Structure formats: C-alpha cells, structure tokens
Amino acid sequence: MSSTDEKVHLYSDGPHVETQSPPRNPSLRRRLLHRPIPAILFLAALWIWFRAVFVHRHHYCPDKDLGSPSSSWLAQDNVELVPLEAHIMSKCPDARDCLQMLVLPTMANVSSKVNFTLSYIGTVDPKSDEVSCMHGPGECLGNIIQLCAIKVYPDPKQNLGFANCMTSDYQDIPERDLVEECAMEYGIDFDQLNACISDEGEGIDLLRASVERSQHLGVRKSCTVRLDDKIRCIRDGGEWYDCDGGSEVGDLVADIEKLYSEYN
C-alpha cells in the first residue's frame, strides 16, 4: 500500500480511519439524516478487503478491445452512443472538482447521447495481483462502495450522483454517516449495496477490474476525462490541461453533440 499516516482499525461499530487530524464533527444535516448502518456492512467489507487484497484470490483479465463496460443499457435500437469516461480516485480533490465542474453538468445536458463509464485509478501488482490505492485502504474501500453502487444501480443519475456526493466530502470516505447520507439522497438501498460489498470477492473484483482498465489505458491522473476513447481533458493539481477544445461544460457538450451526429 502507499505510505500514509492512516491506520485502519476494526471497531464494534465498523471501521474507523485514524488520522492525525481531530475527530470529525458531523454536520447537523448528517446528524438529522443519520440512521444506524448494520456494523456487518463495513466489518464484512474490510474483512473481504484484507483477504482479497493481501492474499491472491482472483485475477481479472480485461477484454481485448477494452470496450466501455457500463451504461450500454441506455442504447436504443439503431442509435450509437458516444463513449464518455471519467477516471478518478474517490479521495481526491481533483476528482471532486472534475465531477462537479465538468462531468455532472455535461451529463445533465447530454446523458441520453453518451455511454458513460466511471473508472478508478490505482495499482495492481502484476506478480501478486494485489491492489493498492494512492490515498490508502480507505480510498480503496470508498472505490469499492461506489463501484457496487454502479453495479446495483446502473443509471448514472443515481450512481454518478452518489459518487459525487461521497467525493464532495472525500476526506470523510469511508465514514459510515457519509455513505448513509449519500445513499439516502440518491435512493441507494443498503441491503442491495451490502450484498455486493459483502459477497465473497465481488467488491474487490469490481475494483481490480476497474483499476486494470485504467492501467491498460495508460490513465494515471485523477481526474482524466476520455471522450470517444481519447483523452479529452485532465484535472490535476487544481488545474486543467490537455483539454483540446476547451475545459468548459459547453465545449465538452458541443464535442459530444458533434460526435453523436456523426455516429448517427
């Protein structure tokens, strides 16, 4: 794993990420929305995480064409959708900015014309098959939670909103009140989310597949936006770059509209 100051502990009420900062004081809104989450949700998730990540169990082999793995359900007969993909790290401020400033407003305008994929950046050791995340195991667990939401709720209106809600408070990932609030806000059912996270190997397989995809595509920066299978824009270090055609929402929407017309 990456060298950080975080230490993951298992407590009776679920995992807690200990840092050098003072304990977080949840907002009034979160306290009002708070409902107890079954401790097994996080206990099981971390147990599977440590077994699957540090002990070789599964190996993901990506499709040869590395085709977009999600949102194909949006396609209609005789309509070809434009591939749009965002590669992020869940505990990354650039991912937060990228989703809020570019990806979400773009999707609000052209969601019916794109095949959207949300992928995650990390490292898969080719020898041990271990997965690591830049911001530590808390980020890996946050990625798994978001990937499970994508699997259970394939509509980006739900899963992308859920991911954005979590990443907006990226420092608190994977604290349970944050996950609970975002799930409630976007209609994510905890029983279904829990089934995905707790299933033997399922959550880590989703993470490994997503990280392998980003690795094979050569994507290393969070956030990297790819359009039509090419890098369209990168948000890194609080700045936009490699944004041929502009980094504004209108620029990206115009590119998508043009490609959609060419496709169809």
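FYI, the numbering just counts along the sequence from 1. The structure displayed is predicted, hence computed values, not measured ones.
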Taking only residues two or more places apart in sequence, or in another chain, which ones meet Asp228 in a salt bridge (Lys or Arg N to Asp or Glu O under 4.0 Å)?
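Only Lys230 meet the salt bridge (Lys or Arg N to Asp or Glu O under 4.0 Å) criterion with Asp228.
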
Output every pair passing side chain to side chain donor-acceptor pair (under 3.5 Å) with a member in residues 97-106, not counting sequence neighbours, ordered by first then second residue.
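Counting only pairs at least two positions apart or across chains, the side chain to side chain donor-acceptor pair (under 3.5 Å) contacts touching residues 97-106 are Asp97-Arg235, Gln100-Ser168.
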
Once side chain to side chain donor-acceptor pair (under 3.5 Å) is applied, what residue pairs with a partner in residues 240-250 remain, sequence neighbours excluded?
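Residue pairs with at least one partner in residues 240-250: there are none.
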
Contacts of type disulfide bond (SG atoms under 2.5 Å apart), residue Cys243, not counting sequence neighbours
Cys233

Closest contact, heavy atoms only, [X] versus [Y]:
X      : Y      : answer
Ala163 : Gln146 : CB-OE1, 3.7 Å
Ile145 : Pro174 : CD1-CB, 4.3 Å
Cys148 : Leu193 : CB-CD1, 3.8 Å
Glu202 : Ala195 : OE1-O, 4.0 Å
Asn143 : Cys133 : ND2-SG, 3.8 Å
Cys165 : Leu178 : O-CD1, 4.2 Å

Note, [X] side chain near [Y] side chain (heavy atom, < 4.5 Å):
X      : Y      : value
His135 : Tyr170 : no
Val225 : Leu102 : yes
His87  : Leu217 : yes
Phe116 : Val103 : yes
Asn115 : Val82  : no
Met107 : Val114 : yes

How long is the span from the [atom1] atom in [X] to the [atom2] atom in [Y], to the nearest 0.5 Å?
X      : Y      : atom1 : atom2 : answer
Ser210 : Leu118 : OG    : CG    : 7.5 Å
Ile197 : Leu206 : CD1   : CG    : 10.0 Å
Glu180 : Glu175 : CD    : CD    : 12.5 Å
Ile150 : Asn159 : CD1   : CG    : 5.0 Å
Lys113 : Leu84  : NZ    : CG    : 13.5 Å
Met89  : Arg220 : CE    : CZ    : 11.0 Å

Sequence neighbours left out, what passes side-chain contact (heavy atoms from CB on, under 4.5 Å) with [X]? Give chain and number order.
X      : value
Ala183 : Phe162, Ile188, Phe190
Val124 : Asp129, Val131, Arg208, Val211, Glu212, Gln215
Glu262 : Lys258, Leu259
Ile231 : Thr224, Arg226, Ile234

Short question: side chain of [X], backbone of [Y] - any donor-acceptor pair under 3.5 Å?
X      : Y      : result
Lys91  : Ile173 : yes
Ser222 : Ile88  : no
Asp169 : Asp172 : no

Check this for me: does any side-chain nitrogen of one of Glu85 and Arg213 sit under 4.0 Å from a carboxylate oxygen of the other?
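A salt bridge is present here (some side-chain N lies under 4.0 Å from a carboxylate O).
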
Residues two or more places apart in sequence or in another chain: which of them pass side chain to side chain donor-acceptor pair (under 3.5 Å) with Tyr186?
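Tyr186: no side chain to side chain donor-acceptor pair (under 3.5 Å) contacts found.
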
For Asp251, give me all partners under side chain to side chain donor-acceptor pair (under 3.5 Å), at least two apart in sequence or on another chain.
none

Quiz question: by atom type and distance under 3.5 Å, do the side chains of Glu80 and Tyr260 form a donor-acceptor pair?
no

What disulfide (SG to SG under 2.5 Å) pairs are there with at least one residue in residues 78-131, not counting sequence neighbours?
Cys98-Cys223

